[in-house]
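Numbers restart at 1 for each chain; the letters A, B, ... are given by sequence-line order, proteins then strands.
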There are 2 protein chains.
Amino acid sequence: MSTAEETAGGEAQPWGEVTPDAARRLLLAAVEAFAERGYHATTTRDIAGRAGMSPAALYIHYKTKEELLHRISRIGHEKAVDILRTAARAEGTPAERLADAVSSFVRWHAGGRTTARVVQYELDSLGPGARAEILALRRQVDAEVRGIIEEGVRSGDFDVPDVRGTTLAVLSLCIDVARWFNVDGPRTPEEVGELYADLVLRMVGARGTGAA
Amino acid sequence: MSTAEETAGGEAQPWGEVTPDAARRLLLAAVEAFAERGYHATTTRDIAGRAGMSPAALYIHYKTKEELLHRISRIGHEKAVDILRTAARAEGTPAERLADAVSSFVRWHAGGRTTARVVQYELDSLGPGARAEILALRRQVDAEVRGIIEEGVRSGDFDVPDVRGTTLAVLSLCIDVARWFNVDGPRTPEEVGELYADLVLRMVGARGTGAA
DNA sequence: GGCAAGGGTGAGCGGGCGCTTAGCGCCGGG
DNA sequence: CCCGGCGCTAAGCGCCCGCTCACCCTTGCC
């Protein structure tokens with residue numbers, strides 16, 4: 001709520017639940033570093049330095065460097081599922097709910113690009129156990145979007161020959177925003193969210209909304 | 001042309017132009033290793049080992065590990081520009097050319113996922129000079145696709161309110177294929193190419209083709 | 001005021017990294 | 001038959017990595 005919960009990039013995040021304070025600062029520093037240089041190119045000394053602490057301090061709160069990535073990834077994926085679930089369970093036509101889901105999901109990827117980058121692109125750096133846990137959350141993400149599209153097809157609002165493939169494409173489009181979005185670029189997260197909601201409605205052949 | 005130019009994954013690549021033979025084997029080994037584990041997590045010992053050589057052999061043909069990535073990235077991007085340029089300069093309606101460009105670009109990302117992954121996702125691991133060179137090639141990629149869309153808008157075949165944004169979305173969709181495509185999955189590169197060409201034609205509001 | 005507990009530090013260990021160097025075997029030309 | 005050069009290897013250098021350990025300073029309870 002307050003600006004104290006935002007990073008320099010202006011991203012409000014649900015890191016408030018992470019305690020104690022030093023652990024949260026380390027997690028935030030790790031998100032920044034992983035997003036900038038990638039997990040493997042980031043050193044524990046760099047993370048600790050960004051958090052204003054000595055290299056050894058990291059190991060008081062986290063067992064390994066990988067635990068940091070795991071924690072970040074799980075919190076991020078839970079947030080993603082939450083965003084999509086909220087949109088999917090809302091009232092309104094399938095088209096309205098799909099547009100809402102896409103625009104808020106895109107806003108999250110663009111506005112919280114730092115976090116989203118780590119969440120979406122550093123999955124392979126996790127060990128087998130942690131990766132399996134995250135993949136389960138990803139299946140939930142897929143299921144929420146597919147649910148909206150299936151409902152639109154049943155009600156006749158959408159025209160989609162390949163539901164699974166189209167779901168994949170819609171999610172892919174949203175996720176890739178984290179790769180190319182630039183905070184200093186010409187578009188705001190809100191503008192990209194609107195544009196993408198429009199494009200997705202076209203992809204599912206929605207009648208009478210957005211697409212002329 | 002022959003199977004000798006293909007990797008175990010079955011990807012035919014233009015690595016034929018790379019000589020001598022040992023240099024090509026090292027480059028191929030680097031592509032595989034970078035795609036599997038990422039640039040920073042790959043060791044020069046691993047690359048040399050995959051090519052069946054000692055660690056020191058690498059430095060006879062390449063000055064640094066980064067030069068390997070640079071070479072791979074440039075060859076890959078040149079191929080990408082070539083694919084899109086060929087489709088853009090072909091004969092036919094804008095819709096036909098856009099569908100062709102998307103389906104062949106997607107086939108390249110899916111079929112040559114190993115190479116495409118390195119080309120699309122390891123850009124940040126390059127130094128400033130090399131990155132600038134590659135970014136110039138990326139602008140050519142963008143220009144080719146934008147050109148087709150602009151032409152379709154002028155001729156009235158397409159309905160696109162935001163040409164730059166839609167171009168970005170189309171390319172983003174294609175590129176992200178390299179992230180999620182799985183050789184052992186249910187879809188062939190050709191099927192994904194067709195599906196995506198259809199989706200893109202819907203995104204640009206193409207009249208009378210593909211989208212019902 | 002004594003003291004246990006816990007967050008923090010400085011120094012450093014073992015190891016693996018990118019890269020170098022001295023030298024070996026093979027092969028074509030005189 | 002000798003030899004120069006090239007492709008390659010074995011060994012290893014210096015560095016920095018993830019992580020540990022012995023110790024310190026603050027805080028709250030009696």
Side-chain angles (χ1 to χ4, degrees), chain A residues 15-73 118 122-131, chain B residues 15-73 118 122-131:
Chain A
W15 303 124
E17 66 193 33
V18 181
T19 51
D21 185 72
R24 180 170 55 251
R25 277 190 294 133
L26 283 165
L27 210 73
L28 225 79
V31 168
E32 278 181 30
F34 291 162
E36 270 179 34
R37 331 231 262 235
Y39 175 77
H40 287 293
T42 300
T43 70
T44 54
R45 283 164 177 82
D46 182 24
I47 297 170
R50 285 175 193 247
M53 307 168 92
S54 78
L58 198 152
Y59 294 92
I60 296 164
H61 300 282
Y62 302 95
K63 228 163 52 190
T64 62
K65 176 179 154 187
E66 196 196 318
E67 192 190 327
L68 271 166
L69 179 60
H70 184 194
R71 285 265 241 275
I72 292 166
S73 200
V118 179
E122 297 292 347
L123 186 66
D124 297 337
S125 304
L126 251 32
R131 180 155 63 242
Chain B
W15 304 124
E17 66 194 32
V18 181
T19 52
D21 184 72
R24 181 170 54 248
R25 278 191 294 133
L26 283 165
L27 210 73
L28 226 79
V31 169
E32 279 182 28
F34 292 163
E36 272 178 33
R37 331 231 265 232
Y39 174 78
H40 287 292
T42 299
T43 69
T44 53
R45 284 163 176 83
D46 181 26
I47 297 170
R50 284 175 193 249
M53 305 168 91
S54 80
L58 199 153
Y59 294 92
I60 296 161
H61 301 282
Y62 302 95
K63 229 164 48 190
T64 61
K65 175 179 155 188
E66 195 195 319
E67 192 191 328
L68 271 165
L69 179 59
H70 184 192
R71 285 266 241 275
I72 292 167
S73 199
V118 179
E122 298 292 348
L123 185 66
D124 297 336
S125 304
L126 252 30
R131 180 154 65 242

Between C:dG16 and B:R45, counting only base atoms on the nucleotide and side-chain atoms on the residue, is there a donor-acceptor pair under 3.5 Å?
no
Taking any heavy-atom pair under 4.0 Å as a contact, classify B:S54: base, sugar-phosphate, or nothing.
base
Counting any heavy atom closer than 4.0 Å, what does A:H40 reach on the DNA or RNA strands: base, sugar-phosphate only, or nothing?
nothing
Under 4.0 Å between a side-chain N/O of A:Y59 and OP1 or OP2 of D:dC19, yes or no?
yes
It should be established whether B:H61 places a side-chain nitrogen or oxygen under 4.0 Å from OP1 or OP2 of nucleotide D:dG7.
no
Any side-chain heavy-atom pair from [X] and [Y] closer than 4.5 angstrom?
| X | Y | value |
| --- | --- | --- |
| A:R71 | A:L27 | yes |
| A:S125 | A:H40 | yes |
| B:L68 | B:T44 | no |

Pairwise 5' ranking along DNA chain C for A:P20 and B:T64, keeping only the more 5' one
A:P20
Does any N or O in the side chain of A:T42 come within less than 3.5 Å of the main-chain N or O of A:G38, such that one atom is a donor and the other an acceptor?
yes
Donor-acceptor pair, side chain of B:Y39 and main chain of B:V118, under 3.5 angstrom
no
[X] [atom1] - [N] [atom2] separation (whole Å):
| X | N | atom1 | atom2 | result |
| --- | --- | --- | --- | --- |
| B:I60 | C:dT21 | CD1 | P | 14 Å |
| A:K63 | D:dC19 | NZ | P | 11 Å |
| A:D21 | C:dG7 | CG | C1' | 12 Å |
| A:E66 | D:dG18 | CD | C1' | 13 Å |
| B:I47 | C:dC17 | CD1 | P | 11 Å |
| B:L26 | C:dC19 | CG | P | 14 Å |
| B:D46 | C:dG16 | CG | P | 14 Å |
| A:Y62 | C:dG7 | OH | P | 13 Å |

Of the listed nucleotides [options], the one nearest the side chain of [X]:
| X | options | value |
| --- | --- | --- |
| A:K65 | D:dC19, C:dC19, D:dA11 | D:dC19 |
| A:M53 | C:dC19, D:dG18, C:dT9 | C:dT9 |
| B:A56 | D:dA11, C:dG8, C:dT9 | D:dA11 |

